[in-house]
Enquirer: 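Structure in structure tokens, see below.
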2 protein chains.
Amino acid sequence: MQKQPTIRDVAHAAGVSVAVVSRVLNPGSGPVAPLTRSRVNDVMETLGYHPRTAARELKHGPPTTLGLLLADVSNPFFARLADRVVQEAHARGIQVLLMTTQEDDRLESERLSTLMERRVSGIIATPTGNNLEIWRKLQSLGTGVVFVDRSIPDMPDVDVVSINNIESARSATALLAAYGHKRIAMITGPATSTTGRDRITGYREALRDAGLPQDDALIRSAAFRGTAGGDATTTLLNLQDPPTALVVANTAQVTTVLRRLVHSGVSIPDELSVVVFEDSPWTELMTPPLTIIRQPIDMLARHSVQLALAHASGRTSATPTVVRVDAELVERSSIVAPKARA
Amino acid sequence: MQKQPTIRDVAHAAGVSVAVVSRVLNPGSGPVAPLTRSRVNDVMETLGYHPRTAARELKHGPPTTLGLLLADVSNPFFARLADRVVQEAHARGIQVLLMTTQEDDRLESERLSTLMERRVSGIIATPTGNNLEIWRKLQSLGTGVVFVDRSIPDMPDVDVVSINNIESARSATALLAAYGHKRIAMITGPATSTTGRDRITGYREALRDAGLPQDDALIRSAAFRGTAGGDATTTLLNLQDPPTALVVANTAQVTTVLRRLVHSGVSIPDELSVVVFEDSPWTELMTPPLTIIRQPIDMLARHSVQLALAHASGRTSATPTVVRVDAELVERSSIVAPKARA
DNA sequence: AAACATTGTGGAACCGGTTACACTTTTATG
DNA sequence: CATAAAAGTGTAACCGGTTCCACAATGTTT
């Protein structure tokens, strides 16, 4: 447990001043004679010197760290998003502090305090929907705040990156309608979430366009965590006039819904046609392979990182940026025309 | 973009010295009159003061940040591990810097430099197997280094947390042998990885115990990334005397292997019995539900975080700690007795 | 009541970098 | 060749916290 050399140690060993070493460390910050430079570099090498980030950050706040505040990394959608965000950030020499909220606004508030104390240059987050004042404060401090996947309606002046939720839900629903389904159900996130609301909107539009009646009993908003998705499924199956088709409009609920369907002995697609918002490789391996809405995760990641950093580097446009990327509907075999019923 | 108040601003506004404010900030570091304390707290509140982590860390290195260096977070196994590590760390007030190596030792070396400069108190990593000197240096600097899932044979003095790979592979193989399979294949990670090697060892032991012949053609080491797992599958299927059972011994390869099996029209379990090292909810939803080796991820996470921090807090035992937790074999329906062959 | 311990507070050095500025040495220009 | 401009280097202040130490005020012990 030896203690690390400091910039003064290096300066002394190289027979120069700390200013020179600093200039070697930050090319472009001032002139250094080539000979001196290489000598300093040699000394740093042999001493095993590494400049300390904390000290560097003291002078000017760092555009070197991003906060990534997700609901839950065990959800494969967020996991892949995290993976891409990290890669994207690394490509720009930025590090990522990963935090999770577990959909809990108290935890979210704690995480945000930490990020504030770290003076991160930007935060990419899936907000719980509360803590408005904290978000505002963060913004007013010059932190680049970007909401990804979801947004908060009461905060119109935040950059948002997400898929086009309305359109995605509409196309999924429309596809089912085109197959002749009349009783199409939707399971989605809580009504407090913008994704949930938007996807319901798209669903309703598709029904209206297809001239189908709306039945609120077919729309189930379920919590993201736990088995709420499965419970919603059971409720739908027990309906007097159960649906012949189902849109599972949130990744977090897909496996719990499918598990319930399997356990209930419902056969897909014969008894129930299915479309899911999910892009796991497993969807293709199911019997039958599932028709899915595929979210372009690397697009989401790229735009998020770019916006978060743009804010920090001062290029902050007056109006908030809203990026909506298109999701892709991948047709496989989990949809068939509904059976004529007795 | 107002600028943040500093400790001196608070001190001035409260009519006390900075030392007092610092003591309020760090309870236990010295006496403060209750009245003074509440006054200072009020001022901090109204000013919206948040102490700056970078400045705090300057004085004494911080036990406040952990590096988590994984191969790839899009792999659900690592994603769930990350999720648990983050939760575990948060529970102790520690933040997690997430980084990925993409199994590339050049990237790994860069990430390690960054972590060194941040003076993180600990690093939890899935090492690529190279960069030995850097790992050693990190250790000698007092950083708590913990290898999780894998290890590096040439570095015996590092704490390691993983499942019991030999035993897991043995039990999976033994189960297949018990069903009467004689041609049991294994697809696993590259031979350079300890997990790959250990799992092959367990596999061989099981064959020996069952009195079955060893056939190296049935053991395929495949790269973690890309479709190497699928290619290995094709090789196995094209063997003159193809296997009747298969152990897929690495999560990273499970979906590519299964995809290849499906595309090749191989029916599970009739033509091929299968056990996979994977614990996704999807494995249960397959037709048939897959028999799996389930890794106790929260155990791995808990021990990793604990060891990484123990090192930092000085309680470093002379001998390296090796934690091996037992994985669970979950029997489902992807194994049947082999058909008698013509 | 004297001697002493305890509590509460402030001044100033320090952590390890960055950087404004002054200074000396080269090199370029007229 | 004188002089201005540029290159190379050093000194010291600064960033925003923590902490050692000195000191005053209060409380406790004989």
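Chain A is the first sequence line, chain B the second, and so forth, proteins listed ahead of strands; every chain is numbered from 1.
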Enquirer: C/dC14, OP1 or OP2 - any side-chain N/O from B/His60 closer than 4.0 Å?
Expert: no
Enquirer: The side chain of B/Thr6 is closest to which nucleotide in this list: D/dG17, D/dG10, C/dG10?
Expert: D/dG17
Enquirer: Provide, to the nearest angstrom, the distance between the CG atom belonging to B/Asn26 and the C1' atom belonging to D/dG16.
Expert: 13 Å
Enquirer: Separation of B/Leu58 atom CG from D/dC14 atom P, in whole Å?
Expert: 17 Å
Enquirer: Find the distance A/Ile7:CD1 to D/dC14:P and express it as a whole number of Å.
Expert: 19 Å
Enquirer: Please give, in whole Å, the distance from D/dG17 P to A/Glu117 CD?
Expert: 10 Å
Enquirer: So if I take every side-chain heavy atom of A/Ala19 and compare against D/dC14, C/dG10, D/dT11, which nucleotide ends up nearest?
Expert: D/dT11
Enquirer: Using whole Å, report how far CG of B/Leu47 lies from P of D/dG16.
Expert: 14 Å
Enquirer: Of the listed nucleotides (C/dG16, D/dG17, C/dA12), which one gets closest to any side-chain atom of B/Lys59?
Expert: D/dG17
Enquirer: Can you tell me if A/Ser17 touches the phosphate of D/dG10, counting only side-chain N or O atoms and a distance under 4.0 Å to OP1 or OP2?
Expert: yes
Enquirer: Please classify the nucleic acid contact of A/Val16 as base, sugar-phosphate, or nothing, using heavy-atom distances under 4.0 Å.
Expert: sugar-phosphate
Enquirer: Assign A/Ala33 to base, sugar-phosphate, or nothing according to its heavy-atom contacts below 4.0 angstrom with the strands shown.
Expert: sugar-phosphate
Enquirer: Taking CG from A/Leu25 and C1' from C/dG17, how many angstroms apart are they, rounded to a whole number?
Expert: 9 Å
Enquirer: Whether the side chain of B/Arg23 and the base of C/dG10 hold a donor-acceptor pair under 3.5 Å is what I'd like checked.
Expert: yes
Enquirer: How would you label the contact of A/Pro51 with the nucleic acid (heavy atoms, under 4.0 Å): base, sugar-phosphate, or nothing?
Expert: sugar-phosphate
Enquirer: How many whole angstroms separate atom CG of B/Asp9 from atom C1' of D/dC15?
Expert: 13 Å
Enquirer: Taking all non-hydrogen atoms of both residues into account, name the closest pair between A/Ser151 and A/Thr194 and its distance.
Expert: N-OG1, 2.9 Å
Enquirer: NA contact type, B/Thr36, heavy-atom cut-off 4.0 Å: base, sugar-phosphate, or nothing?
Expert: sugar-phosphate
Enquirer: Hey, is NE2 on A/His12 packed in by over 12 heavy atoms from elsewhere, all under 6.0 Å?
Expert: no
Enquirer: Kindly say if A/Arg56 contacts the phosphate of C/dG16, meaning a side-chain N or O under 4.0 Å from OP1 or OP2.
Expert: no
Enquirer: Distance check: side-chain N/O of A/Arg52 vs OP1/OP2 of C/dC15, anything under 4.0 Å?
Expert: no
Enquirer: Rounded to the Å, how far apart are A/Arg118 CZ and D/dG16 C1'?
Expert: 15 Å
Enquirer: Looking at B/Ser22, does any N or O in its side chain come under 4.0 Å of the phosphate oxygens OP1/OP2 on D/dG17?
Expert: no
Enquirer: Both B/Val18 and A/Val20 contact DNA chain C. Taking the nearest nucleotide for each, which residue is further toward the 5' end?
Expert: B/Val18
Enquirer: Output yes when A/Arg52 and A/Glu57 qualify as a salt bridge under the 4.0 Å nitrogen-oxygen rule, no when they do not.
Expert: no
Enquirer: Does the D/dG17 base have a donor-acceptor partner in the side chain of B/Arg8 within less than 3.5 Å?
Expert: yes
Enquirer: So which atom in B/Ile94 and which in B/His90 form the shortest heavy-atom distance, rounded to 0.1 Å?
Expert: O-CD2, 3.4 Å
Enquirer: Give, for atom OG1 of B/Thr100 and atom CD of B/Glu108, the distance between the pair rounded to the nearest 0.5 Å.
Expert: 11.5 Å
Enquirer: For B/Arg106, does the CZ atom have more than 12 heavy-atom neighbours from other residues, nucleotides or ligands under 6.0 Å away?
Expert: no
